[in-house]
Amino acid sequence: MRKYFLFALLISPLIAANSFASCSPAVLEQPFGYSSDDSGGASYLGVDTRDITPDRVATLHLKDEQGVEVTMVDQDAPAGKAGIKEHDVIMSVNGDRVESVEQLRRLVHEIPSGRTVTIGLSRNGESLTVKAQLTARAQSFGFSGKDFHFEMPPMPAIPAIPAIAEMDLPVSVVVVHSAMRSGLMVENLTPQLADFFGAKGGQGILVRSVEKGSLAEKAGFHAGDVIVRVNGESIADSGDFSRALRSRKDNNVTIGILRDKKVTTLTIALPARKESGEIMDESFELPEISAETRVELNNLKTEVAKMQPEINLAVNQATRAINVQVSKAMADELKNFSNEKVVLEKQKDLMRKELKDRMREMRKQFADI
């Protein structure tokens, strides 16, 4: 009982450390037992074994369930020096047939240490014989249960996750289109928004808000819709959207949207366009003004109309440049984080290997035979 208690105390912290380090279950996958000999003076062969079960007969190329399968070999012990390998099947010891693990244990323990034994094996269905000189268990390990001391390997310090520097993120370009008439507020898509809403190639504009009681709300628009087509024409950005509405032939406009990453079509009835143009009409309701002021205003609207493509181009270029800078900054931060992660994984691998080696040593020290 002392040895079982000692081993329980030893193995508990190992299991806890093993779980913490996410070590592979392969470290403990082979079954092994513990010696019931308290004195440490029994003969030692240096193998761990298990009984042959029906499902292992075909795998081991056996005729029946006779023998015991070797599941672990101490390479520094008699078995390792004799050339016994894992998954060999021990069929006999000094001519005595081996039927079970208990019988093999008894046969080996009854033979004095220092004697050479003849072991009959089956390896992949082929019979062979090896000779092994047994040693005393205490001699093999050079320790007794009273003075055995096991130290856990030191846990490496886990580096802190690097803080991502604060960045000034760009505000998407917001275009208030027909706020007093259609009731839509839209904005250009960033690459992240395009991925989130499922807009292929980043094409389309996002409906940021819909004014209550507006024509857009009555038509069924929701905040979060992505406008991708107007009257069959593809929409890449807010400039395309404005041009498509200005070039419409009638008041009813068919608009294709993405909602929940599915395409649907809505129809909105816009007020009739004024002959003077739509740019100012889409945004303001003008009070009564003098004829002179009206002429100047019309000239101003004409100049604005001419400049609109250049304004849209400049805005789009500025937005793309800002997005590139932000993407580069985020990529650098992620790269730094990835480097830290690689270091952590290497430390975990080293700890996993050391734990595996310690477990292998303990399995040797507490092997059945």
Side-chain angles (χ1 to χ4, degrees), residues 2-35 40 44 46-50 69-77 79-81 84-87 137-138 140-169 191-192 195-196 323-369:
R2 280 191 301 107
K3 185 167 291 185
Y4 287 121
F5 180 70
L6 171 63
F7 188 78
L9 290 178
L10 292 172
I11 201 66
S12 297
L14 270 178
I15 294 175
N18 197 35
S19 300
F20 174 79
S22 302
C23 291
S24 170
V27 176
L28 298 175
E29 67 181 358
Q30 296 290 356
F32 58 92
Y34 317 107
S35 172
Y44 178 68
V47 294
D48 189 16
T49 58
R50 63 183 171 192
E69 181 183 359
V70 176
T71 59
M72 187 276 293
V73 180
D74 182 351
Q75 298 300 324
D76 297 323
K81 295 175 181 178
I84 297 176
K85 299 180 179 180
E86 290 185 11
H87 307 302
R137 178 180 295 273
S140 297
F141 301 126
F143 82 99
S144 67
K146 297 178 182 179
D147 59 13
F148 178 73
H149 177 68
F150 179 83
E151 292 185 359
M152 280 292 297
M155 296 291 181
I158 300 176
I161 297 176
I164 299 177
E166 294 184 1
M167 295 178 290
D168 294 327
L169 298 178
Q192 292 86 355
D195 290 341
F196 179 80
N323 287 337
V324 168
Q325 293 176 358
V326 172
S327 298
K328 184 178 183 302
M330 293 183 68
D332 291 341
E333 292 293 342
L334 289 174
K335 182 178 179 181
N336 293 335
F337 179 76
S338 297
N339 291 338
E340 294 289 344
K341 186 178 179 182
V342 168
V343 172
L344 178 60
E345 290 296 333
K346 288 182 178 179
Q347 291 177 335
K348 287 173 62 179
D349 288 341
L350 290 174
M351 184 171 63
R352 185 181 295 113
K353 182 178 182 300
E354 188 168 355
L355 283 171
K356 186 174 180 180
D357 292 341
R358 294 294 180 92
M359 290 296 296
R360 184 180 295 276
E361 289 299 320
M362 290 195 66
R363 288 175 62 181
K364 291 178 182 179
Q365 294 162 1
F366 290 93
D368 281 338
I369 302 164

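Computed from heavy atoms alone, side chains included, the values below leave out hydrogens, waters and symmetry copies.
Among all heavy-atom pairs drawn from A77 and G46, the shortest one is CB-CA, 3.8 Å. Scanning all heavy atoms of the two residues, the minimum distance from T71 to E86 falls at O-CD, 3.6 Å.
Checked against salt bridge (Lys or Arg N to Asp or Glu O under 4.0 Å), D349 has the following partners two or more places apart in sequence or in another chain: R352.
With values rounded to the nearest 0.5 angstrom, K81 atom NZ is found 7.0 Å from D76 atom CG. Of the inter-residue distances, the one linking R358 atom CZ with K356 atom NZ reads 15.5 Å to the nearest 0.5 angstrom. Note that the CE atom of M330 and the CG atom of N323 stand 11.0 Å from one another [nearest 0.5 Å]. Here the straight-line distance linking atom OG1 of T49 with atom CD of E69 works out to 9.5 Å at 0.5 Å rounding.
Residues L350 and E354 have side chains not in contact (no heavy-atom distance under 4.5 Å, counting atoms from C-beta outward).
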